[in-house]
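A short worksheet on the structure shown next.
Counting convention: from 1, in listed order, for ligands and their atoms alike.
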Amino acid sequence: MTTRSTVLITGASTGIGATYADRFARRGHDLVLVARDKARLEALAVRLRDETGAAVDILAADLTQPGDLAAVEARLRDDARIDTLVNNAGAALSGPFIDQSTDSIARLIALNTTAPARLASAIAPRLARAGTGAIVNIGSVVGLAPEFGMSVYGATKAFVLFLSQGLSVELAPKGVYVQAVLPAGTRTEIWERAGIDASAMPDLMEVGALVDAALVGFDRREPVTIPPLHDASHWAALDAARLGLVGDLRQAHVAERYRPAA
Ligand SMILES: NC(=O)C1=CN([C@@H]2O[C@H](COP(=O)(O)OP(=O)(O)OC[C@H]3O[C@@H](n4cnc5c(N)ncnc54)[C@H](OP(=O)(O)O)[C@@H]3O)[C@@H](O)[C@H]2O)C=CC1
Ligand SMILES: N[C@@H](C=O)C(=O)O
């Protein structure tokens, strides 16, 4: 009997994560759903079991708490049925950096960067040994734009993008697909949770459209998927300029513009 592929999704109680759960269940995958709200996870699990026949397990965990995070890591390390990790759980942090408490900054970094890195670290060796599997990391276009004024949130999302690109370079040759997904404004609870009035926002993308687009990129094995970017040449040009800059570094000598005046 073939073992059905199982997808572990963090932040699955609502929003983008809950939508990924719906879509992967309808694609024939079993699920492990992770978030803090056990009641919402169970309600989603019941619905998806009824509607799709998927086996859906829930794992209530606060990913900012080391003990809870360790339990999810152990599940990823030990459950060989899990061949796809969707690192989705995350939050935004509004307001100016100088008004944000140090503890709130630390909590955001724990959720948006430490947790996805640790969870990827838990599953990647097993996937590499198996020569198959996928890691989907949910970043944000905010990670490309310090001008948006969400410095800490954007920094966490720049981390997610870089981690994804680096893991793709390391793991693609071993048969493991790594995808960074960069949404822009999408209609979920993130805004209210961050104290941002979304009703004042310009048109937000509907979450189903976002996830369906991200899955088009997933099926194409695209390393970086940016559903709101209508002209893909902008990303290609940015990536080419980045590689051009790196290729033009001549580290043995100080650039002319930095040489002290004689
Ligand atoms: N919506 C948008 O405009 C955009 C969102 N993104 C990213 O998409 C991802 C999903 O966000 P979105 O669906 O919009 O947000 P939501 O706020 O709708 O959902 C966030 C999910 O993360 C879970 N979560 C929050 N804190 C924790 C925690 N401490 N431990 C475990 N789970 C937690 C929540 O569940 P619970 O409360 O039950 O724990 C919930 O399931 C995030 O990484 C976000 O940065 C990127 C770009 C745009
Ligand atoms: N979550 C949004 C900002 O708060 C985004 O990433 O666009």
Legend entry - Between NZ on residue Lys157 and CG on residue Asn137, distance to nearest 0.5 Å: 9.0 Å

Inset, instruction - Please check if atom CZ in Arg259 has more than 12 non-hydrogen atoms from other residues, nucleotides or ligands closer than 6.0 Å. - result: yes

Inset, instruction - Determine whether the side chains of Asp103 and Ser101 contain a donor N or O and an acceptor N or O closer than 3.5 Å. - result: no

Legend entry - Within 6.0 angstrom of Asp203 CG, more than 12 heavy atoms from elsewhere: no

Legend entry - Salt-bridge criterion met for Arg27 and Asp219 (N-O under 4.0 Å): yes

Legend entry - Contact summary for Pro228 and Pro183, nearest pair of heavy atoms: CG-C, 4.1 Å

Inset, instruction - For ligand 1, would you mind listing the residues that have at least one heavy atom less than 4.0 Å away, ordered by chain and number? - result: Gly11, Ala12, Ser13, Thr14, Gly15, Ile16, Ala35, Arg36, Asp37, Ala61, Asp62, Leu63, Thr64, Asn88, Ala89, Gly90, Leu111, Ile138, Gly139, Ser140, Tyr153, Lys157, Pro183, Ala184, Gly185, Thr186, Thr188, Glu189, Ile190, Trp191, Arg193

Inset, instruction - Taking the six-membered ring of Phe24 (Phe, Tyr or Trp), confirm whether the NZ or CZ of Arg26 is under 6.0 Å from its centre and within 45° of its axis. - result: no

Inset, instruction - Specify the closest pair of heavy atoms between Asn112 and Ala89, including all atoms of both residues, with the distance to one decimal. - result: OD1-O, 4.4 Å

Inset, instruction - Go through the steps to decide whether Phe148 and Tyr153 satisfy the test ring pair (Phe, Tyr, Trp, His ring centres under 6.0 Å), and finish with yes or no. - result: CA-CA 10 Å; Phe148 283 7; Tyr153 175 76; over 10 Å; no

Inset, instruction - Give the protein residues with at least one non-hydrogen atom closer than 4.0 Å to an atom of ligand 2, ordered by chain and number. - result: Ala92, Ser140, Val142, Met150, Tyr153, Ala184, Ile190, Trp191

